[in-house]
Amino acid sequence: MSYIERMKEKTQKIRQQPVVRILAIESSCDETSVAIVENGREVLSNIISSQIDIHRHFGGVVPEVASRNHILNIIPLIDQALDSAHLTLKDIDAIGVTQGAGLVGALLVGLTTAKTFSFALDIPLINVNHIKGHIAANYLAFPELTPPFICLITSGGHTAIVNVDDYNHFTLIGSTQDDAIGEAYDKVARVLGLEYPGGVKVDKLAQNVEPKIKFVRHDSLSNSYDVSYSGLKTAVINYVHKLEQNGEKIDVPQICASFQHEAVDMLTTKALRACKEFGQNKLVLAGGVAANSYLRGSLTEKCKDLGIELYFPPMEYCTDNAAMIGSVAYYQLLSLDPADLNISALPSISLDEVIDNKNSI
Ligand code: KG4
Ligand code: ZN
């Protein structure tokens with residue numbers, strides 16, 4: 001029997017088990033992480049090794065440096081994740097791994113490791129989409145949270161409003177036409193001379209500052225659920241360059257607060273409108289920018305007024321981590337086929353491909 005036939009058979013059996021433990025691997029960008037997750041919800045261990053200090057010297061993530069550090073980290077992290085959960089490899093039922101999106105070399109380290117463990121242990125391999133992982137971060141923190149709900153995805157690479165119909169089915173409501181919100185934060189941070197990672201610095205500097213500058217006069221997409229960040233980003237960059245050319249003072253906290261106010265408000269307005277139009281009273285935040293204090297604060301207030309239940313992950317699950325990948329892997333294992341060993345990394349899988357459910361990832 002071939003590997004994949006054997007894995008499909010095993011998957012059927014695992015579905016009957018009362019307890020399913022998945023060892024999950026995440027290495028899509030600058031965090032190497034290994035977690036063990038039980039039944040998609042309970043985190044037995046979640047070890048994260050961040051490379052921020054390494055990449056800070058370069059002002060951003062250097063892909064080749066990231067891959068090399070993933071290689072150094074991955075096996076010790078698997079050992080640590082098992083030790084911390086008081087388990088051995090014999091207790092693991094399946095391997096979950098991020099297949100995309102992300103940096104190709106970084107993804108390949110996790111994917112190759114996951115394939116190797118799957119083959120050596122003769123257990124199923126589950127290929128996970130990173131963005132689905134960010135959504136599932138909420139399942140880890142909120143045992144009562146189940147689909148359907150509206151999800152506002154705010155990450156470094158994607159920005160979208162989706163209807164999460166079920167664990168494995170999504171409907172796209174609106175998305176960014178150009179830059180993602182996290183990308184806009186990072187580019188604004190860079191022009192202001194803030195150190196990588198920039199998004200969090202913009203957030204901190206903007207705290208308690210009343211926004212006064214209006215960068216974009218008109219939202220050309222106001223009638224749709226789509227957003228655009230390139231206009232806002234360019235307006236901020238031009239504003240800063242003009243001040244520099246004229247030798248004028250640059251009020252960094254004011255620029256951060258004004259940019260953030262516009263960037264976040266255009267999204268939250270649309271997400272809340274989507275809740276109303278689709279008759280959904282649960283709104284879930286997902287992605288790295290879900291850590292943003294202004295986004296969390298303003299949505300908390302607005303949802304309270306509108307009687308909408310708001311969920312956002314605790315800080316530890318906003319940043320990239322393998323536990324969220326383990327959660328997705330569990331729900332895929334319950335209803336989709338496992339992956340074959342010939343799958344490749346998908347560095348730029350688009351959100352549409354996730355939404356269309358063209359394949360398990
Ligand atoms: O979701 P994520 O891991 O990216 C993708 O998976 O694509 O999130 C990383 C992004 C970066 O752009 C980072 O600057 C941003 O999240 N970010 C923040 C904050 N913390 C992280 N942006 C604004 N405020 C924050 N507090
Ligand atoms: Zn991420």
Side-chain angles (χ1 to χ4, degrees), residues 24-33 35 48 50-52 55-56 59-61 63 66 97-104 106-107 110 128-138 151-160 175-176 179-192 194-207 229 232-233 236 253 256-257 259-265 267-268 284-299 312-325 327-328 346-351 354 361:
I25 298 174
E26 156 63 37
S27 69
S28 65
C29 190
D30 56 348
E31 262 102 20
T32 328
S33 179
I48 304 169
S50 169
Q51 298 180 19
I52 286 180
H55 298 284
R56 182 173 282 136
V61 181
V97 63
T98 304
Q99 188 187 1
L103 303 168
V104 66
L107 289 165
V128 172
N129 183 293
H130 184 78
I131 292 300
K132 283 189 187 173
H134 277 298
I135 299 174
N138 288 280
C151 183
L152 177 53
I153 299 168
T154 57
S155 84
H158 295 93
T159 303
S175 66
T176 181
D179 294 5
I181 184 169
E183 204 178 338
Y185 262 94
D186 294 338
K187 286 178 180 162
V188 164
R190 192 180 273 257
V191 77
L192 291 171
L194 305 174
E195 219 182 33
Y196 156 88
V200 67
K201 304 250 163 28
V202 173
D203 181 1
K204 286 217 174 91
L205 285 167
Q207 271 164 26
Y229 280 108
L232 174 59
K233 175 198 71 183
V236 177
C256 290
F259 156 76
Q260 170 163 276
H261 177 70
E262 278 179 52
V264 168
D265 280 15
L267 256 188
T268 53
V284 172
L285 269 181
V289 186
N292 184 267
S293 60
Y294 178 71
L295 175 62
R296 291 160 93 103
S298 76
L299 261 186
F312 45 73
M315 288 301 195
E316 55 174 321
Y317 295 142
C318 284
T319 40
D320 290 345
N321 66 87
M324 66 187 197
I325 303 303
S327 178
V328 180
L346 299 172
S348 56
I349 183 168
S350 75
L351 203 60
V354 181
I361 174 159

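Atoms within each ligand, like the ligands themselves, are counted from 1 in listed order.
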Pull out every atom of ligand 1 sitting under 4.0 Å from any heavy atom of [X], numbered as shown with elements.
X      : answer
Gly157 : 5 (C), 7 (O)
Gly182 : 12 (O)
His134 : 1 (O), 2 (P), 3 (O), 6 (O)
Asp186 : 11 (C), 12 (O), 13 (C), 14 (O)
Gly287 : 1 (O)
Asp203 : 24 (N), 25 (C), 26 (N)
Tyr185 : 23 (C)

Close approach of His130 to ligand 1, heavy atoms, under 4.0 angstrom: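 Heavy atoms of His130 do come under 4.0 Å of ligand 1.
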Check for a donor-acceptor pair, side chain of [X] on one end and backbone N or O of [Y] on the other, with a separation under 3.5 Å.
X      : Y      : value
Thr154 : Ala286 : yes
Ser33  : Ala322 : yes
Asn138 : Leu285 : yes
Gln51  : Ala66  : yes
Thr159 : Thr176 : no
Arg190 : Gly59  : yes
Ser27  : Ala106 : yes

Gap separating the CD1 atom of Ile181 from the CD atom of Gln260, nearest 0.5 angstrom: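 Reported value, rounded in 0.5 Å steps: 8.5 Å.
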Closest to atom 9 (C) of ligand 1 (judged by heavy-atom distance), picking from Ala290, Ala291, Gly156: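 Selected option, by shortest heavy-atom distance: Gly156.
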Just need the protein heavy atom nearest to [atom], so name the residue and atom and give the distance.
atom                    : result
atom 3 (O) of ligand 1  : Asp320 OD1, 2.8 Å
atom 15 (C) of ligand 1 : Val289 CG2, 3.9 Å
atom 22 (N) of ligand 1 : Gly199 CA, 3.7 Å
atom 24 (N) of ligand 1 : Asn292 ND2, 2.9 Å
atom 17 (N) of ligand 1 : Gly288 O, 3.8 Å

Between Ser293 and Gln207, a side-chain donor and acceptor under 3.5 Å: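 Result is yes, a qualifying pair exists.
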Side chains of Tyr185 and Asp179, donor plus acceptor under 3.5 Å: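 On atom types as modelled, these side chains do not qualify, holding no pair under 3.5 Å.
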Metal check, the Zn ion (ligand 2) vs His134 N/O/S, cut-off below 2.8 Å: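 It does: His134 brings an N, O or S atom closer than 2.8 Å to the Zn ion (ligand 2).
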His130 NE2 and Asp320 OD1 subtending at the Zn ion (ligand 2) (10° steps):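 The two atoms form an angle at the metal of about 90°.
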